[in-house]
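Presented below is the structure to which this report refers.
Source: prediction; values computed, not measured.
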Amino acid sequence: MYVVRPVEPADVGALETLLAASTPGVHTLPRTREKIAAFVERSVASFAAHVDIPSEESYLFVLEDVESRELVGTAAIHASAGSNGTYFAFRNDVIQQVSRDLNISHSVHALTLCSELTAYSQLSGFYIRHRDTARREAALLSRARLLYAVLAPHRFGDRFFVPLAGVTDEHGQSPFWDALGRKFFKMDFLDAERTIGGARNRTLIVELMPHYPVYVPLLPGPAQAVMGQIHPSGEMAFDLLTEEGFEADEYIDIFDGGPILQAHKHALHSFSGSMVRKVANAELQPPTRGGKAAMVNYAVASSERKFRAIVLPCDPAESSDAICLPPAAREALGVATGDSVICVRI
């Protein structure tokens, strides 16, 4: 069994080992031990903070094998994008160009630097080992962040977005960056990511990136081709997020051109489909007609104060006020019979 829980200071070393195998250029993951430790410290303080309105809090979760205590995944959610700054992205615009003298009117595809996502809550840093064979655990890890937001709505905004890594080559270089960002930063893609620490809110972005519309037809073909396209390592995350209710919209990442998905919380399955249920003892319940075939996979989460989330097959809970959990599940969640949990089908 796997459980998603808030990160703890003792997890720094395991996270460093886990993230060492992640794809270079996936900008929302911390890389060095120093940055991982800083993120963990910030997360611990965020979980402990009394919050009235979302601000600079960032929450880091880990996916842990209950038996071996090994960390096999991590994911984060930020209360307010930019975190003590402004979050920058490119907005896909269509500019109307008109010449009355020539009697010409046409539309031009352009990219405009904007800060419109700054007030949104941001999902980031999703990484799981052996993602090809861990679909159910990956779904739990991705959704657990939103289940925490369901339990603690005052900590987050009403709108969420997720930047996904864009296309890079076998050397970690980005055709989109080579056509645009490199011209202004005078460094290659990975060097720029290291310099800026994966952030999209640094002052040097607005100092160096163009403030005028960038005409897409003037970009090289390879750069145009990867706009809004995801890195192969992000395909499972994309599938999970679109199943959740996120949609690609008009924004792309300013460095690698990757898509930015967004949604209002009411469009997300974790918000609209989650149910509060009392914990019942599975051993004391009569067998359901249909047996195991009638069971449904649920992500189940405990509480804001002692957050834990697991995924397991249960009897359908929609028509009952209780959900039947075996002893191992109750122990992993830190709950007892009669406690309240939230659950959502996955």
Side-chain angles (χ1 to χ4, degrees), residues 1-8 10-11 43-44 46-51 59-75 77 134-156 244 265 268-346:
M1 179 180 291
Y2 294 88
V3 62
V4 175
R5 59 169 174 81
V7 74
E8 299 170 355
D11 296 326
S43 175
V44 170
S46 297
F47 277 108
H50 176 78
V51 175
Y59 307 91
L60 183 62
F61 299 86
V62 293
L63 178 67
E64 181 181 54
D65 185 323
V66 172
E67 292 185 4
S68 68
R69 314 298 291 182
E70 182 184 17
L71 298 191
V72 296
T74 184
I77 183 170
R135 173 78 184 199
R136 195 172 76 155
E137 289 75 28
L140 169 67
L141 177 61
S142 180
R143 181 157 287 162
R145 305 171 283 186
L146 294 171
L147 290 178
Y148 183 72
V150 172
L151 289 164
H154 55 286
R155 292 179 179 266
F156 302 95
E244 177 68 44
K265 67 180 184 181
L268 297 175
H269 183 54
S270 291
F271 283 86
S272 63
S274 60
M275 308 169 289
V276 178
R277 293 292 184 266
K278 295 290 186 181
V279 174
N281 190 333
E283 305 93 284
L284 302 180
Q285 302 302 310
T288 302
R289 183 180 299 174
K292 291 185 177 181
M295 289 187 168
V296 177
N297 280 329
Y298 287 98
V300 185
S302 51
S303 66
E304 175 190 356
R305 290 180 58 82
K306 292 193 66 176
F307 182 83
R308 297 290 187 274
I310 62 173
V311 60
L312 77 166
C314 299
D315 294 332
E318 281 77 3
S319 59
S320 171
D321 61 357
I323 184 168
C324 299
L325 302 179
R330 299 197 300 271
E331 182 178 357
L333 289 170
V335 297
T337 301
D339 289 346
S340 292
V341 294
I342 64 169
C343 55
V344 63
R345 289 194 182 213
I346 65 172

If every non-hydrogen atom of [X] is compared with every non-hydrogen atom of [Y], which pair is closest and at what distance?
X      : Y      : result
Ser270 : Arg143 : OG-CG, 3.0 Å
Val279 : Ala336 : CB-O, 3.6 Å
Ala301 : Val341 : O-CB, 3.3 Å
Phe61  : Thr74  : O-OG1, 2.9 Å

Tell me, do [X] and [Y] make a side-chain contact under 4.5 Å, heavy atoms counted?
X      : Y      : result
Phe47  : Val7   : no
Val62  : Arg5   : yes
Val344 : Leu147 : yes
Tyr298 : Pro316 : yes
Pro313 : Arg136 : yes
Leu312 : Leu325 : yes
Val300 : Arg277 : no
Phe156 : Arg145 : no

Out of curiosity, [X] [atom1] to [Y] [atom2], how far, rounded to the nearest 0.5 Å?
X      : Y      : atom1 : atom2 : answer
Leu140 : Leu63  : CG    : CG    : 6.5 Å
Ser272 : Lys265 : OG    : NZ    : 12.0 Å
Leu151 : Arg305 : CG    : CZ    : 13.0 Å
Ile77  : Leu60  : CD1   : CG    : 12.0 Å
Leu333 : Phe307 : CG    : CZ    : 9.0 Å
Leu146 : Leu268 : CG    : CG    : 6.0 Å

Assess whether side chain to side chain contact (heavy atoms under 4.5 Å, CB included) is satisfied between Lys278 and Ser340, documenting all intermediate values. CA-CA 5 Å; Lys278 295 290 186 181; Ser340 292; 3.3 Å; yes

Per the salt bridge (Lys or Arg N to Asp or Glu O under 4.0 Å) rule, what does the pair list look like for residues 331-341, sequence neighbours excluded?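 Sorted pair list comes back empty.
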
How about CD on Glu67, more than 12 heavy atoms from neighbouring residues, nucleotides or ligands closer than 6.0 Å, or not?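 No - once you tally the heavy atoms of other residues, nucleotides and ligands closer than 6.0 Å, there are 12 at most.
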
Could you work out, with side-chain hydrogen bond (donor to acceptor under 3.5 Å, both in side chains) as the rule, every residue matching Arg155, not counting sequence neighbours?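 Expected list: Tyr59, Tyr148, Glu304.
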
Going through the checks in order, is the side chain to side chain contact (heavy atoms under 4.5 Å, CB included) test met by Arg69 and Glu64? CA-CA 6 Å; Arg69 314 298 291 182; Glu64 181 181 54; 3.9 Å; yes

Stepwise, does the side-chain hydrogen bond (donor to acceptor under 3.5 Å, both in side chains) test hold for Arg308 with Ser302? CA-CA 5 Å; Arg308 297 290 187 274; Ser302 51; over 6 Å; no

